[in-house]
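Here the structure is a predicted model, which means the values were calculated and not measured.
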2 protein chains.
Amino acid sequence: MSSPTLSDVARAAGVSYATADRVINKRGNVADKSIAKVRDAVETLGYVRNVAAANLSRGRVYRLAFLVPKGANAFFDIIREQIQHASDHLSADRVHVKMVEVSAFAVDSLQYSIAALAHQNLDGVAIVGLENKRLEGPLDELRAKGVAVVGLVSDLPEEFRSAYIGIDNIVAGRTAARMVGMAHAGGAGHVQTFVGSMDARDHAERLQGFRQVIESDFPKIALLDPIMTKDEGALLQAQTTQLMKENADLTALYNVGAGNSGLIKAIASFGPARPFCVVHELVPHSRQALLDGHIDLVIDQRPDIEVNRAFTVLRALIDEREVPPMPDLMPTIYVRDNLPAYPLTELMKAKVT
Amino acid sequence: MSSPTLSDVARAAGVSYATADRVINKRGNVADKSIAKVRDAVETLGYVRNVAAANLSRGRVYRLAFLVPKGANAFFDIIREQIQHASDHLSADRVHVKMVEVSAFAVDSLQYSIAALAHQNLDGVAIVGLENKRLEGPLDELRAKGVAVVGLVSDLPEEFRSAYIGIDNIVAGRTAARMVGMAHAGGAGHVQTFVGSMDARDHAERLQGFRQVIESDFPKIALLDPIMTKDEGALLQAQTTQLMKENADLTALYNVGAGNSGLIKAIASFGPARPFCVVHELVPHSRQALLDGHIDLVIDQRPDIEVNRAFTVLRALIDEREVPPMPDLMPTIYVRDNLPAYPLTELMKAKVT
DNA sequence: CTCAAAATGATATACGTCTATCAAAAAATG
DNA sequence: CATTTTTTGATAGACGTATATCATTTTGAG
């Protein structure tokens with residue numbers, strides 16, 4: 001049973017190939033009666049364009065851009081690596097990937113950079129965004145040019161992108177709280193959270209989720225007021241050190257945002273009677289801290305799946321095809337025993353002989 | 001910068017297209033000197049075959065088979081759904097997927113079914129296998145016909161397949177133990193494990209990993225002798241019920257294998273002072289048990305990623321291309337808060353407008 | 001040097017779709 | 001009815017590769 005071609009459709013509809021092509025590709029100059037016949041034949045035969053043949057014919061090159069924050073953030077280093085790795089492989093498939101770096105989470109830079117994308121003859125873009133109205137104009141312009149737009153890791157205004165690829169941060173916070181509660185084994189405790197900024201939506205949501213679960217399911221656990229850290233490692237280190245000196249009854253720490261290197265340093269200097277400790281994102285220093293026993297858990301947002309999904313979704317949008325099945329994307333709990341292989345680039349491939 | 005074609009290679013090598021084709025495709029009748037020139041040009045230009053163009057020209061259809069156990073096992077129901085879902089999408093890409101069901105983990109059936117695959121004009125097969133010498137002959141025959149063979153979920157003899165796609169069960173057991181230890185918050189306890197069969201390699205390995213971590217990192221926890229269950233729900237239910245009557249100091253349960261429905265029933269009838277409970281595989285009843293609070297954790301082997309990887313690897317093997325980057329495959333910890341959407345087939349796709 | 005075998009090159013056609021052009025047929029308008 | 005406009009069909013060639021055939025050239029053996 002072979003796949004129907006457009007010739008088959010034309011024959012079944014009783015029109016010429018040229019007319020069938022005009023209908024399928026909405027080229028115009030086709031009578032309504034002929035349009036209906038072709039549409040019917042497509043439905044009956046289950047015709048699906050052979051995208052590979054079309055791409056060959058057109059000399060298609062997919063031009064994608066990933067707009068990611070620049071700067072010293074280990075998580076986005078991993079995102080960049082993942083994009084680069086996929087890009088290296090895809091070049092043989094006529095997929096060109098441009099990585100555009102913008103100042104981290106700055107609306108002005110983001111607005112400007114998105115506007116600049118409209119002049120770059122792209123087919124699709126994945127943007128680490130912000131849900132800010134000022135991005136709507138440039139996004140509209142991009143999409144008006146037929147560019148597929150998806151939000152990655154941090155969303156864009158919803159009506160102005162075709163998909164969001166990232167975790168639910170309330171879920172991430174709830175998951176962290178579940179683990180903290182579990183580690184208290186029904187006992188009482190005092191838990192300290194660190195937040196980079198309550199203005200950062202992901203931080204606010206994670207904290208919200210964390211509170212929900214602690215309050216509803218672990219009422220014996222007291223939540224201390226969050227400490228604001230601006231995601232600065234040095235600040236986290238100082239605050240953690242002081243905190244642990246002053247609070248002998250501290251049972252757990254949860255860092256909602258970044259700056260983990262400072263937290264890890266403070267904990268490492270404290271010794272084995274440290275509080276239970278949960279951080280986000282599996283990056284080199286959090287991985288090492290897990291292995292060294294300085295922290296207990298990492299809640300990860302799976303950059304490997306996020307980037308894989310971004311490419312898959314963009315490709316489907318550009319080809320105007322249904323999105324194929326993709327791996328689930330949920331906040332993932334890593335302990336020291338279930339860590340993926342490292343370095344990423346080496347053993348991400350299955351062992352193939 | 002466009003991708004080089006074989007015409008470019010021929011020109012650079014100073015040979016005809018026909019000769020370059022003969023070299024690339026190992027058709028023979030080419031002098032060593034010409035072979036070297038073509039190889040050199042390929043290297044210099046970075047030529048990679050346009051697989052899509054070649055497939056179009058050849059009228060290629062990928063014929064894949066998945067050999068999976070039949071019978072009432074919820075995990076393999078999910079594997080089957082994942083395969084079916086991917087298959088539905090791939091049919092438009094000239095990929096035909098046949099699902100072959102064999103008696104669960106029976107060497108004879110497996111041997112027979114693998115042998116039968118050799119007569120079916122396939123390009124690639126993924127097999128839920130066993131590491132048994134009796135499978136070597138049929139696998140050898142398959143591969144001699146140029147069929148790509150990968151092990152899925154349960155491995156095949158290593159020299160007789162090109163890749164294994166599945167979790168490390170020692171890691172799975174270690175992860176479960178880490179969580180059980182964590183849930184004891186440094187306190188003492190008594191932990192009961194249930195094992196389907198010590199003859200099942202995955203069960204033996206999970207138990208091994210579990211023991212490793214409890215013994216080395218949680219010395220206050222006493223491990224009771226494993227209870228053999230044959231993966232039968234009724235047996236598990238009876239044994240669990242009796243166990244909890246007789247052991248008031250039981251602090252945790254860990255089921256290495258299947259039969260979770262029985263375990264869950266016994267726990268559900270026990271009430272809120274139940275022991276901490278860990279099972280494997282996120283399937284409808286274990287999901288519900290998480291949500292109902294009857295169990296605490298599910299360690300899942302990610303059928304979504306396993307099937308996604310199987311298709312990716314098989315495709316790369318058939319095309320004789322490098323395997324592209326794929327999502328990491330590690331035992332994943334699910335609590336009630338980080339569950340992927342259900343039913344699978346509906347929300348596996350990103351929200352696409 | 002001659003002849004046979006091996007190597008090489010040229011050529012044509014296929015795949016399914018896209019793109020473009022022009023001729024022919026049908027429909028609409030005055 | 002004549003003319004114009006719209007619709008339709010036919011045709012050709014492109015994309016990069018595979019496949020096949022046959023002619024030509026080169027190489028090796030006697």
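- A cation-pi arrangement, defined by a distance under 6.0 Å to the six-membered ring centre and an angle within 45 degrees of its axis, is absent between Arg315(B) and Phe311(B).
- A salt bridge is absent between Lys37(A) and Asp40(A); no separation between the charged side-chain nitrogens and carboxylate oxygens falls under 4.0 Å.
- With respect to Asp140(A) and Arg143(A), no salt bridge is recorded, no charged nitrogen being found less than 4.0 Å from a carboxylate O.
- For Arg27(B), taking side-chain heavy atoms from C-beta onward, the closest of the listed nucleotides dT7(D), dT17(D), dT19(D) is dT19(D).
- Taking side-chain N and O atoms only, Tyr47(A) has a distance below 4.0 Å to OP1 or OP2 of dT17(C).
- Backbone-only engagement by Val15(B) is indicated by non-hydrogen atom pairs under 4.0 Å involving sugar-phosphate atoms exclusively.
- As rounded to whole Å, 15 Å separates atom C1' of dA10(C) from atom CZ of Arg11(B).
- Closest to the side chain of Leu56(B), out of dG16(C), dT17(C), dG9(C), is dG16(C).
- The side chain of Asp21(B) approaches dA18(D) more closely than any other nucleotide in the set dA18(D), dC18(C), dA10(D).
- Atoms CZ (Arg58(B)) and C1' (dG16(C)) sit 17 Å apart, rounded to a whole Å.
- Contact annotation: Ser57(A) side-chain N/O to dT17(C) OP1/OP2 distance is not under 4.0 Å.
- Asn25(B) has its CG atom 16 Å from the C1' atom of dT8(C), to the nearest Å.
- Computed from coordinates, the Arg94(A) CZ to dC15(D) C1' distance equals 10 Å when rounded to whole Å.
- Considering only side-chain N and O atoms, Asn29(B) lies under 4.0 angstrom from the phosphate OP1 or OP2 of dA7(C).
- Annotation: of the two residues near DNA chain C, Ala18(A) and Lys33(A), the 5′-most nearest-nucleotide partner is Ala18(A).
- Residue contacts for Asn50(A): at a heavy-atom cut-off of 4.0 Å it reaches the sugar-phosphate backbone alone, with no base atom in range.
- When distances run from any side-chain atom of Tyr17(B) to the nucleotides dA10(C), dT8(C), dA18(D), the shortest one goes to dA18(D).
- The separation between Ile24(B) atom CD1 and dA18(D) atom P is 9 Å, rounded to whole Å.
- Distance, Lys26(B) NZ to dT19(D) P: 14 Å, rounded to whole Å.
- Put simply, the side chain of Arg22(B) and the base of dG9(C) share a donor and an acceptor less than 3.5 Å apart.
- Between dT8(C) and Ser34(B), a contact under 4.0 Å exists linking OP1 or OP2 to a side-chain N or O.
- Taking only side-chain nitrogens and oxygens, Thr19(A) comes nearer than 4.0 Å to OP1 or OP2 of dG9(D).
- One finds no salt bridge joining Asp21(B) and Lys26(B) here, because no Lys/Arg side-chain nitrogen approaches an Asp/Glu carboxylate oxygen to under 4.0 Å.
- Between Lys133(A) and Glu136(A) there is a salt bridge, with a side-chain nitrogen of the basic residue lying less than 4.0 Å from a carboxylate oxygen of the acidic one.
- At dT17(C), none of the side-chain N or O atoms of Asn55(A) fall inside 4.0 Å of OP1 or OP2 (strictly under the cut-off).
- Ion pairing of Glu320(B) with Arg49(B) is absent here, as no side-chain N (NZ or NE/NH1/NH2) approaches a carboxylate O to less than 4.0 Å.
- Arg60(A) places its CZ atom 15 Å from the C1' atom of dT19(C), with the value rounded to the nearest Å.
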